[in-house]
Amino acid sequence: MNWREQVRKVEPYTPGEQPKEQNVIKLNTNENPYGPSGKVKECIQDFDLLRKYPDPTAGDLVNALADYHGVSAEQIFVGVGSDDVLGMAFLTFFQSECPILFPDITYSFYPVWAELYRIPYQTIALDEDYQIHASDYHRENGGIVFPNPNAPTGQLLPISEVEDIIRANRDQVVIVDEAYIDFAPEGSSALSLVDRYDNLLVVRTFSKSRSMAGLRIGYAIGQKELISYMQAVKYSYNSYTMNRPSILYGCASVKDEEYFRETIRKIISTRERFTAALESRGFSVVPSSANFVFAGHPGISAETIFRKAKEKGIYFRYFRLPRIDDHLRITIGTDEEMDRVLEFLHEEFNL
Ligand SMILES: *Cc1c(COP(=O)(O)O)cnc(C)c1O
């Protein structure tokens, strides 16, 4: 057999564009317009930091996160962005011959990991309003994963429905990807359920609410036993994934609660103002609990707006996919940036 027939062939995930030009309004990958905490900047001087190997357990960061969330250090798994954490979780927990389940419209990395690890999967359709229904997940499966709030819709599944899915699938691992939960109302997180369900893994990231997408920090919280299985897989693959700057800057971010709350408050307020402005211009906007909105206009195609905006140096995310090709995903930037978007819509489309 030729070696080409034995290659693990995969169709990779396509991330949003990172334009090279300066001075663009970049609202296409859900980065946070406000930089990381000033406390992070204060520790950026330490050059000698790079010389030595990091602590493979990333103990300082794990302890900081354990304190922050009021759980034990053994309940925390850290990784290089939540993509690393999610990839490890797929590899660790999804081994059944039964398909894993996730929504048809969701984070487009899930099918990529499933293909990479040869995990059978089945997608469950969101309803007409892009909502998840817990009862659709009452069926035989090999595990479940969904973001809450969902991406790219921004829609939040109430915690009672999240619990219903976890409760109905106690023999499978349920992964709740909370990349955007800090922008949702208080009480929405599945973290409050971790003590009660040994099959629940909650995944978080520093990339959105903590403004540190460039650093790559993600983590998962679950019961001790669940986390221990992920650790064993990780230490069988690459022990030194968390570099020393990540550990140091990550800790500094976690310790600046005031700044964190302030930037989130600003983004939520801009999101509400921008949503109302889009609606008054005839857009339909999916109710968002995230740092982006998912919106479409009945009179102008999303692709037209996307292309025209790009010409003008404004980047949105557009998915040429069934059911969502009439929508744009627009990250919430600063108030000034969102005003520029509204001006653009007025100038180009008279909206
Ligand atoms: C952004 C995002 C991630 C990945 O974030 P990292 O930068 O890898 O931490 C994971 N899940 C969803 C739903 C996201 O939107």
Side-chain angles (χ1 to χ4, degrees), residues 12-18 26-33 36 58 61 65 76-91 100 102-114 116 123 126 130 132 144-157 162 174-184 188-190 201-221 230 234 241-243 245-247 249-250 253-254 264 267 271 286 288-294 315-319 321 324 327-332:
Y13 170 74
T14 324
E17 205 176 331
Q18 294 293 342
K26 195 177 169 304
L27 307 175
N28 67 332
T29 54
N30 298 342
E31 287 136 342
N32 186 322
L61 182 57
L65 288 168
I76 296 195
F77 178 94
V78 292
V80 184
S82 54
D83 285 343
D84 180 39
V85 175
L86 287 161
M88 280 286 146
F90 271 57
L91 184 59
I100 62 164
F102 49 82
D104 63 337
I105 298 166
T106 195
Y107 188 39
S108 52
F109 221 138
Y110 301 156
V112 176
W113 286 308
L116 173 64
T123 59
L126 300 183
Y130 298 122
I132 291 175
I144 293 172
V145 58
F146 60 93
N148 197 37
N150 197 6
T153 64
Q155 189 123 245
L156 183 74
L157 186 68
V162 173
V174 177
I175 302 175
V176 185
D177 177 357
E178 294 192 336
Y180 300 103
I181 199 73
D182 293 317
F183 304 103
S188 305
S189 172
L201 188 77
V202 179
V203 178
R204 297 278 187 100
T205 177
F206 279 49
S207 298
K208 279 78 184 223
S209 54
R210 292 196 178 273
S211 238
M212 293 168 101
L215 201 58
R216 315 303 300 129
I217 304 177
Y219 58 103
I221 298 183
M230 284 185 79
K234 179 223 166 92
T241 56
M242 298 305 290
N243 62 58
S246 289
I247 295 169
Y249 306 158
S253 170
V254 173
I264 287 171
I267 290 167
R271 177 187 75 204
V286 178
S288 172
S289 298
N291 69 336
F292 57 86
V293 293
F294 198 54
Y315 285 73
F316 303 139
R317 190 84 193 259
Y318 172 68
F319 300 93
L321 292 173
I324 56 170
H327 277 64
L328 291 167
R329 192 194 69 190
I330 305 175
T331 304
I332 301 301

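Both ligands and their constituent atoms are indexed starting at 1 by order of listing. FYI, the numbering just counts along the sequence from 1.
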Peer 1: Compute the ring centroids of Tyr180 and Phe292, then answer whether they are less than 6.0 Å apart.
Peer 2: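 So the answer is yes for these two rings.
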Peer 1: Using modelled atom types only, decide if a donor and an acceptor are shared between the side chain of Asn150 and the backbone of Thr106 within a distance under 3.5 Å.
Peer 2: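 A pair under 3.5 Å: no.
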Peer 1: Arg204 pairs by side-chain hydrogen bond (donor to acceptor under 3.5 Å, both in side chains) with which of Ser82, Ser189, Ser209?
Peer 2: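 The residue from Ser82, Ser189, Ser209 that satisfies side-chain hydrogen bond (donor to acceptor under 3.5 Å, both in side chains) with Arg204 turns out to be Ser189.
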Peer 1: Can you say whether the rings of Tyr130 and His327 are parallel (under 30°), tilted (30 to 60°) or perpendicular (over 60°)?
Peer 2: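 Because their plane-to-plane angle is over 60°, the rings of Tyr130 and His327 count as perpendicular.
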Peer 1: Would Tyr110 count as a polar contact of ligand 1, with the cut-off being nitrogen or oxygen pairs under 3.5 Å?
Peer 2: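 For ligand 1, there is no N or O atom that lies under 3.5 Å from one belonging to Tyr110.
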Peer 1: Which of the numbered atoms in ligand 1 are below 4.0 angstrom from a heavy atom of Gly81?
Peer 2: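 In order of number, 8 (O), 9 (O).
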Peer 1: As a check for students: among Tyr180, Tyr107, Phe109, identify the option with a heavy atom nearest to atom 15 (O) of ligand 1.
Peer 2: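 Checking each option, the heavy atom nearest atom 15 (O) of ligand 1 is found in Tyr180.
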Peer 1: Do the numbers put Lys234 on top of the ring of Phe77, so that NZ or CZ is under 6.0 Å from the six-membered ring centre and no more than 45° off the axis?
Peer 2: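 Judged by the rule (NZ or CZ under 6.0 Å from the ring centre, within 45° of its axis), Lys234 counts as positioned above Phe77.
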Peer 1: Which of the numbered atoms in ligand 1 are below 4.0 angstrom from a heavy atom of Ser207?
Peer 2: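 Answer, ordered by atom number: 6 (P), 7 (O), 9 (O).
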Peer 1: If you have a sec, work out which protein heavy atom is nearest atom 5 (O) of ligand 1 and how many Å separate them, to one decimal?
Peer 2: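 Nearest protein contact, heavy atoms only, for atom 5 (O) of ligand 1 is Ser82 OG, 3.1 Å.
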Peer 1: Could you check atom 14 (C) of ligand 1 against the protein and tell me its nearest heavy-atom contact, residue, atom and distance included?
Peer 2: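 Checking every protein heavy atom, the shortest distance to atom 14 (C) of ligand 1 gives Lys208 NZ, 3.1 Å.
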Peer 1: Is the shortest side-chain heavy-atom distance between Phe294 and Ile324 below 4.5 Å?
Peer 2: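 A side-chain contact under 4.5 Å exists here.
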Peer 1: Just go through Asp177, Val203, Asn150 and tell me whose heavy atom is the nearest to atom 13 (C) of ligand 1.
Peer 2: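 Selected option, by shortest heavy-atom distance: Asp177.
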Peer 1: So which protein heavy atom does atom 8 (O) of ligand 1 come closest to, and at what separation?
Peer 2: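 For this ligand atom, the closest protein heavy atom is Arg216 NH2, 2.7 Å.
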